[in-house]
Number of protein chains: 2
Amino acid sequence: MQISSRFTIALHIFTCVDVFQNQYKVTSDFLAGSIRTNPVIIRKILAQLKHAGLISVARGTGGISLTRALSEISFYDVYEAVEAVEAGKLFHFHESPNPECPVGRNIHRLLDEKLLAVQTAMEQELRRYTLSDLRSEMTELLDQEC
Amino acid sequence: MQISSRFTIALHIFTCVDVFQNQYKVTSDFLAGSIRTNPVIIRKILAQLKHAGLISVARGTGGISLTRALSEISFYDVYEAVEAVEAGKLFHFHESPNPECPVGRNIHRLLDEKLLAVQTAMEQELRRYTLSDLRSEMTELLDQEC
DNA sequence: TTTGATGTAACAATTGACATTACAACAATA
DNA sequence: TATTGTTGTAATGTCAATTGTTACATCAAA
């Protein structure tokens, strides 16, 4: 199974807001055009980002603004905000092993610790990247394009 | 989204084979009893483990045997064998960003490298654990139980 | 030949992701 | 104040993947 595209879409959204905010009013329609999906998909993700305190969305008039500097928002913050994976539950367990079997009644406990370490390793790596990393590399690329 | 329970089921299977192989003939029915699922689910996973060369399954007579020492099988080997996640594709991308948008046509490339690093961090951690770690902790637990 | 396994196809049930339509609520402005 | 363009959200549809189930051919040993 894969981690929801809400995560990569959210990263796309932040990049667009940063790149275009001085030229255009960045609305859910505008974003949907760049991402090529439905505006409602965007609005749902915006609602999650707003709820996590990463952005504010102007109702009525439209437009998105950041509530923190890009350098203060890590990939992990975004990942968590869009609930790409429910907290602490990257791995799916078979839920009802047989309690009468010595292995069955102990396996979950034994695996939990190790699999949590695996998940934590991934999340730590996500914390290493910030949206300003993304921004600087994107502007570099765009400069080359012209 | 979560990583398929095939992975934790496979770990459960290995533990059962190790713990019970001298007492019982470990069949898909036996395993299904401990894991509390359908024997066919077990057989499908066994087929994947066999295909990866981690076990051999005796057709006709029944029973499972390992083709390597437990210490030579890492969690990653199992994870890969059951195709818990298609190779290199932990993160789901929105597949058709707009090529006419400067951000749209560059975002995928920019993210690929970073998200691959995240995935690799997770996989490296999976390589740190072997089935013999699991075995020794399980026997420890079972000794305490008696 | 019988017995108890595995291998596998076919299909059903469930779940979650993603897409789409529709419309109320809202804020600026003409 | 009426209009306009936007957000928020409910309702519904579609699709794919996971997991579960039944059925049965194939197989190896006793």
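As the structure is a computational prediction, the values presented were derived from the model and not from experiment. Proteins come first, then strands; the chains are lettered A, B, ... in the order of their sequence lines, and each starts at number 1.
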Touch class at under 4.0 angstrom, heavy-atom based, for B:H92 against every strand present: sugar-phosphate

N/O (side chain, B:T61) to phosphate O (OP1/OP2, C:dA5) under 4.0 Å: no

Sugar-phosphate only, base, or nothing, as touched by A:V57 at under 4.0 Å among non-hydrogen atoms: sugar-phosphate

Heavy-atom donor-acceptor pair, A:R6 side-chain to C:dA17 base, under 3.5 Å: no

Side-chain donor-acceptor contact under 3.5 Å, A:T15 with A:D18: no

Length of the CZ-P vector between A:R43 and D:dT9, whole Å: 11 Å

B:T8 side chain to A:H92 side chain, donor-acceptor N/O pair below 3.5 angstrom: no

Whole-Å gap separating C1' (D:dT19) and CD1 (B:I35): 14 Å

Side-chain N,O (B:T27) to OP1/OP2 (C:dA5) below 4.0 Å: no

Spacing between B:K25 atom NZ and C:dT6 atom P, to the nearest angstrom: 8 Å

Closest-nucleotide 5' rank along DNA chain D - winner of A:K50 and A:K44: A:K50

A:S4 vs C:dC18: side-chain N/O to OP1/OP2 distance below 4.0 Å: yes

Value in whole Å for how far the P atom of D:dT18 lies from NE2 of A:H94: 17 Å

